[in-house]
Asks: 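Quick one: this structure, given as C-alpha cells, is what I'll be asking you about.
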Amino acid sequence: MKSEPGEFSFEDLLRIHNKTTSWDGVRNFAARNFLRDGMKLGDRVFFYHSSSDTPAVVGECEVVREGYVDESAFDPTHPYFDPDSSRESPQWYRVELRAVAQFTRPVTLAEIKARRELGQMALVRIGRLSVTPVTAAEYEVIRGMAG
DNA sequence: GCCAACGTTGGC
DNA sequence: GCCAACGTTGGC
C-alpha cells in the first residue's frame with residue numbers, strides 16, 4: 001500500500017490508537033480489485049512511502065478487516081466523492097490495516113529495482129498503482145533486506 | 001520540470 | 001467503437 005508521507009506516513013499510523021486505520025480513497029479499478037479480492041484477514045501488507053525524497057517500504061501492517069464498502073464515495077462534500085458509486089451498487093472498497101512493525105532499515109525503491117529476484121514485483125512493473133500484490137517470495141526477500 | 005504509463009472524457 | 005485531448009501518479 002502506498003501513501004505519501006506528507007499526507008499520511010507510517011509514523012502517523014503508529015500514533016493512532018490501536019495503530020489501526022481504514023484505508024479509504026482508492027479510486028482505481030485495478031487497485032480496488034487487489035484490495036477487495038486479494039487482501040485477507042491476517043495478511044501482511046507492506047507500507048510504502050511514495051513521492052518522497054527516498055521512496056521506500058518503511059514498515060509492515062496486517063489486514064484486520066477485509067474489503068468493505070468505502071462510504072466516502074457517497075458523500076458529495078467528501079474529497080473522494082464519486083457520483084457513480086451508490087449504496088445500491090457500490091464501486092469502491094476499503095480495508096482496515098494495523099501497523100505491525102516499522103522497519104529498522106527502510107527498503108528503498110532503488111534497492112528493490114537492483115535485486116534480480118524483485119524485478120517482476122508489481123510495485124516496479126505497475127508503478128502508478130496505489131495497491132499492488134506481493135508474492136510470498138518477494139515478501140521474504142524484502143523482509144530480509146529490512147534486517 | 002519532465003516524462004512514461006496509464007485512466008477518463010467526450011465528440012464523432 | 002475509435003480516437004484525441006486531457007488528467008493523474010509517481011519516479012527521476
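Throughout, protein chains are lettered first and strands after them, A, B, ... in sequence-line order, and every chain is numbered starting at 1.
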Asks: Which nucleotide, C:dG10, B:dT8, C:dG11, lies nearest any side-chain atom of A:Lys113?
Replies: C:dG11
Asks: Does OP1 or OP2 of C:dG11 have a side-chain N or O of A:Tyr48 closer than 4.0 Å?
Replies: yes
Asks: Just checking A:Trp23 against A:Phe47, ring centres under 6.0 Å apart?
Replies: yes
Asks: Do A:Arg65 and A:Tyr68 meet the cation-pi criteria used here (NZ or CZ under 6.0 Å from the six-membered ring centre, within 45° of the axis)?
Replies: yes
Asks: How long is the line joining CZ of A:Arg128 and P of C:dC12, in whole Å?
Replies: 16 Å
Asks: Take the protein atom CG of A:Asp53 and the nucleotide atom C1' of C:dG11, then report the distance between them rounded to whole Å.
Replies: 12 Å
Asks: Please state how far atom CG in A:Leu109 lies from atom P in C:dG11, giving the value in whole angstrom units.
Replies: 6 Å
Asks: Whole angstroms only, please: what is the CD-P distance between A:Glu7 and C:dG10?
Replies: 11 Å
Asks: Using a strict threshold of under 4.0 Å (side-chain N to carboxylate O), is an ion pair present between A:Glu66 and A:Arg36?
Replies: no
Asks: Take the protein atom CZ of A:Arg27 and the nucleotide atom P of B:dT9, then report the distance between them rounded to whole Å.
Replies: 14 Å
Asks: For the pair made of CD1 in A:Ile112 and C1' in C:dG10, what is the distance, rounded to whole Å?
Replies: 14 Å
Asks: Separation of A:Arg125 atom CZ from C:dG11 atom P, in whole Å?
Replies: 16 Å
Asks: For A:Met121 and C:dG11, what is the distance between atoms CE and P respectively, to the nearest whole Å?
Replies: 13 Å
Asks: Indicate yes or no: does A:Asp12 engage A:Arg15 in a salt bridge with an N to O separation below 4.0 Å.
Replies: yes
